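Below, chains carry the letters A, B, ... as their sequence lines are ordered, and counting in each starts from 1. Please read all numbers here as calculations on a predicted model, not as lab measurements. Values below: every heavy atom of this structure, side chains too, minus hydrogens, waters and symmetry copies.
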Amino acid sequence: MLDIKFVRKNPEIVKENIRKKFQDHKLPLVDEVIRLDEKIREDKQVGDQLRAKRNTMSSNIGQYMREKKIDEANQMKAEVQKINQELEGLEKEEEELSEKLKKIMMTIPNIIDPSVPIGKDDSQNVEIERFLEPKVPDFEIPYHVDILEKVKGIDLDSARKVAGNGFYYLTGNIARLHSAVITYARDFMINKGFTYCIPPFMIRSNVVTGVMSFDEMDAMMYKIEGEDLYLIGTSEHSMIGKFIDTILNKEDLPYTLTSYSPCFRKEKGAHGIEERGIYRIHQFEKQEMIVVCEPEESKAWFEKLYHYTVELFTSMLIPVRTLECCSGDLADLKVKSIDVEAWSPRQKKYFEVGSCSNLGDAQARRLGIRIKGEKENYFAHTLNNTVVAPPRMLIAFIENHLQKDGSIEIPEVLRPYMGGLKEIRP
RNA sequence: GGAGAAAUACCCAAGUCUGGCUGAAGGGAUCGGUCUUGAAAACCGACAGGGUGUAACAGCCGCGGGGGUUCGAAUCCCUCUUUCUCCGCCA
């Protein structure tokens with residue numbers, strides 16, 4: 001969400017940005033916003049004058065009442081009633097227009113970083129860098145579910161019976177590996193100076209609508225029946241929600257938090273072979289990182305954040321690459337976004353395992369996350385990034401560490417979390 | 001789940017019964033200044049936020065959130081949320 005004052009002063013920049021994102025149908029919205037804003041300010045001024053008049057007259061009535069000048073008081077009461085009638089319509093109009101303005105403002109995309117590559121859709125995303133060599137072994141890598149079944153690490157049949165499609169039982173050493181990855185990732189982030197946090201796994205509707213649009217909510221969030229609660233789709237929801245409507249002290253910044261949570265997603269409209277197995281599921285676990293910082297620091301944090309993920313994956317000897325979202329593929333709220341993709345020797349391509357986003361001040365403006373300034377308060381910048389989401393990363397993990405004999409090698413860094421285990425055998 | 005009490009600005013807190021010289025007193029903290037070689041103390045000033053408009057002054061909204069009554073609401077009514085105390089239940 002942009003600053004309306006910015007739109008007012010720089011309509012051309014806003015329009016140019018919309019063109020860069022190939023959303024030309026939104027161009028007329030800019031002028032409409034400016035028109036609405038003008039009308040609202042006009043209403044506000046007229047209303048303020050009426051309210052000022054009412055305030056003085058009301059206190060005059062009090063004065064008359066004390067002096068027992070009943071007639072004068074009653075006469076003035078009638079006058080104020082007239083003002084109130086006038087105000088009623090005006091206030092209603094102001095409210096309606098503000099609502100309309102806000103709605104449109106939500107759909108006008110954030111100004112993207114100048115470094116973002118221009119492109120229409122995800123096919124034009126740009127590879128930034130590769131880490132570790134993407135190897136294809138001389139034996140065939142089976143589908144990940146088959147590998148997992150061979151080591152008795154997954155039970156999808158029972159899960160379908162108990163909870164339906166999109167759930168899994170992880171068992172034995174694979175379940176342990178899953179926990180090991182989470183714990184390793186947690187400690188990895190703590191060592192980077194992040195504060196570990198376990199947030200609520202359910203949040204209220206007002207927090208949900210704060211962090212996402214209605215359509216997103218409908219497509220992702222599970223609602224608890226009979227309660228004003230939703231299961232979180234990512235801990236970012238609870239973690240950013242923590243800061244809604246707060247004014248932060250400079251000396252407490254930056255907030256660098258790493259959070260663990262299960263994530264629940266409806267995943268409406270997901271299908272296809274590569275979306276099956278444990279790639280896209282209704283419930284998974286994730287270690288997340290978020291940063292709330294000074295505006296001028298967000299760019300530097302962005303670079304740091306996705307490099308942490310890269311470092312984490314390469315420390316587990318999983319080849320990754322970074323892929324930058326082009327303008328057209330970038331979500332409206334984001335200034336810049338880079339995905340971390342892991343190598344799949346089976347598919348012989350990279351697939352997404354994490355996503356790092358700099359939201360600039362757009363999220364903060366929307367949620368009222370401010371910093372106490374010398375003279376004026378200003379909006380913070382927010383960023384979020386996946387540390388690791390084990391079920392999906394496990395696909396990359398087992399594919400890259402599968403040995404010819406069907407065993408899965410455990411990289412050095414994870415062994416302490418696996419009781420010293422060096423490999424998982426069939 | 002049941003009963004009761006409460007929510008005022010960064011913190012403490014008066015005001016609520018009885019609506020109007022409260023467009024929120026007072027204290028602490030913080031920041032700026034005077035004094036001082038420096039500091040403390042004392043004194044003076046600023047001090048929740050959010051809009052609008054101006055050359056400047058001013059004005060509007062704001063007492064947990066939302067709604068209502070009224071000429072006028074921190075104050076009365078409804079509702080939601082949160083906190084505390086007690087009872088019940090339960091890892």
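Within 4.0 Å (heavy atoms only), A:N55 reaches sugar-phosphate atoms of the nucleic acid but no base atom. When heavy atoms are screened at a 4.0 angstrom cut-off, A:N206 is found touching no nucleic acid atom at all. At the heavy-atom level, A:K82 lies nowhere under 4.0 Å from the strands shown.
As a whole-Å value, the separation of A:I371 CD1 from B:rG49 P is 15 Å. Residue A:I83 contributes atom CD1, which lies 13 Å from atom P of B:rC60 at whole-angstrom precision. Whole-Å rounding puts the A:N249 CG to B:rC47 C1' distance at 14 Å. Taking atom CD on A:E91 and atom P on B:rC60, their separation rounds to 13 Å, with Å as the unit. One interatomic measurement links the two molecules: CG of A:N377 to P of B:rA9, which rounds to 16 Å at whole-angstrom precision. Atom pair A:N60:CG and B:rG23:C1' shows a separation of 14 Å (rounding to whole Å applied).
Annotation: B:rA55 and B:rG45 have their C1' atoms spaced 26 Å apart (nearest Å). Going from the P atom of B:rA40 to that of B:rC63 covers 38 Å, rounded to whole Å. Straight-line distance between the P atoms of B:rA14 and B:rA91: roughly 42 Å, to the nearest whole Å. The gap from the P atom of B:rA24 to that of B:rA73 amounts to 15 Å, rounded to the nearest Å. Only the C1' atoms considered, B:rA7 is 16 Å distant from B:rG66, to the nearest whole Å. Nucleotides B:rG72 and B:rC76 place their C1' atoms 13 Å apart, quoted to the nearest Å. Distance check on atom P: B:rG68 versus B:rC11 gives 30 Å, rounded to whole Å. Between B:rG33 and B:rC47, the two C1' atoms lie 15 Å apart (nearest whole Å).
Cation-pi contact between A:R392 and A:Y279: present, with separation from the ring centre below 6.0 Å and deviation from the ring axis of at most 45°. In this structure, A:K304 forms no cation-pi arrangement with A:Y308, as its terminal cationic atom is not both closer than 6.0 Å to the ring centre and no more than 45° off the ring axis.
Residue A:S355 is tested with A:D339, A:N385, A:N384 for a side-chain hydrogen bond (donor to acceptor under 3.5 Å, both in side chains); the sole match is A:D339.
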Begin from the C-alpha positions of A:T107 and A:L29 and carry the test side-chain contact (heavy atoms from CB on, under 4.5 Å) through to its verdict. CA-CA 9 Å; A:T107 67; A:L29 293 178; 3.6 Å; yes
Would A:V353 and A:T386 count as a side-chain contact (heavy atoms from CB on, under 4.5 Å) if you check the C-alpha gap in whole Å, the side-chain angles of each, and the deciding distance to 0.1 Å? CA-CA 8 Å; A:V353 285; A:T386 317; over 6 Å; no
Dump the intermediate steps for salt bridge (charged side-chain N to carboxylate O under 4.0 Å, His left out) on A:R41 and A:D37, then the final yes or no. CA-CA 6 Å; A:R41 276 149 62 208; A:D37 173 55; 2.8 Å; yes
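Stem analysis of RNA chain B (Watson-Crick or G-U pairs, both distances under 3.5 Å, runs of at least three) returns B:1-7 with B:81-87, B:10-12 with B:26-28, B:30-34 with B:42-46, B:64-68 with B:76-80.
For A:E324 and A:K336, the salt-bridge test passes: some basic side-chain N is under 4.0 Å from an acidic carboxylate O. Ionic pairing of A:D43 and A:K39 is present here: one or more N-O contacts between side-chain nitrogen and carboxylate oxygen are shorter than 4.0 angstrom. Ion pairing between a basic and an acidic side chain is recognised when a charged N comes within 4.0 Å of a carboxylate O; A:R19 and A:E16 show such pairing. A salt bridge does not link A:E32 to A:R35: none of the charged side-chain nitrogens sits closer than 4.0 Å to a carboxylate oxygen.
From A:S315, atom OG reaches atom CZ of A:F188 across 5.5 Å, with rounding to the nearest 0.5 Å. Going from atom CG of A:L359 over to atom NE2 of A:H381 covers 10.0 Å, rounded to the nearest 0.5 Å. Of the inter-residue distances, the one linking A:L421 atom CG with A:I410 atom CD1 reads 5.5 Å to the nearest 0.5 angstrom. A distance of 9.0 Å separates CE in A:M393 from CZ in A:F351, rounded to the nearest 0.5 Å. Atom CD1 in A:I190 sits 7.5 Å away from atom OG1 in A:T258 (nearest 0.5 Å).
Relative to the side chain of A:R370, the nucleotides B:rG50, B:rC21, B:rG59 differ in distance, and B:rG50 lies closest.
B:rG32: glycosidic angle beyond 90° from 0, hence anti.
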Return all side-chain donor-acceptor pairs below 3.5 angstrom for residues 81-104 of chain A, not counting sequence neighbours, or 'none' if the list is empty.
unit_1	atom_1	unit_2	atom_2	d
A:N84	OD1	A:R54	NH1	2.9
A:E91	OE2	A:R51	NH1	2.7
A:S98	OG	A:E94	O	2.7

In the 5'-to-3' direction, what one-character label does each nucleotide of nucleotides 63-80 of chain B receive under the scheme B = base within less than 4.0 Å of a protein heavy atom, S = sugar-phosphate only, - = no such atom? --------BS--------
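Contacts between residues 361-369 of chain A and RNA chain B, counted as heavy-atom distances below 4.0 Å, involve no residue at all. Non-hydrogen atoms lying under 4.0 Å from RNA chain B are contributed by A:R41, A:K44, A:Q45, A:D48, A:R51, all within residues 39-51 of chain A.
Heavy-atom contacts from other residues, nucleotides or ligands closer than 6.0 Å to NZ of A:K250 number more than 12.
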Polar-atom pairs under 3.5 Å, protein N or O versus N or O of nucleotides 28-31 of chain B: list them with distances, or write none.
none

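Positionally, the nearest nucleotide of RNA chain B for A:Q63 lies more toward the 5' end than for the other of A:I247 and A:Q63.
A:F167 and A:H282 have tilted rings, their planes meeting at an angle from 30° to 60° on a 0 to 90° scale.
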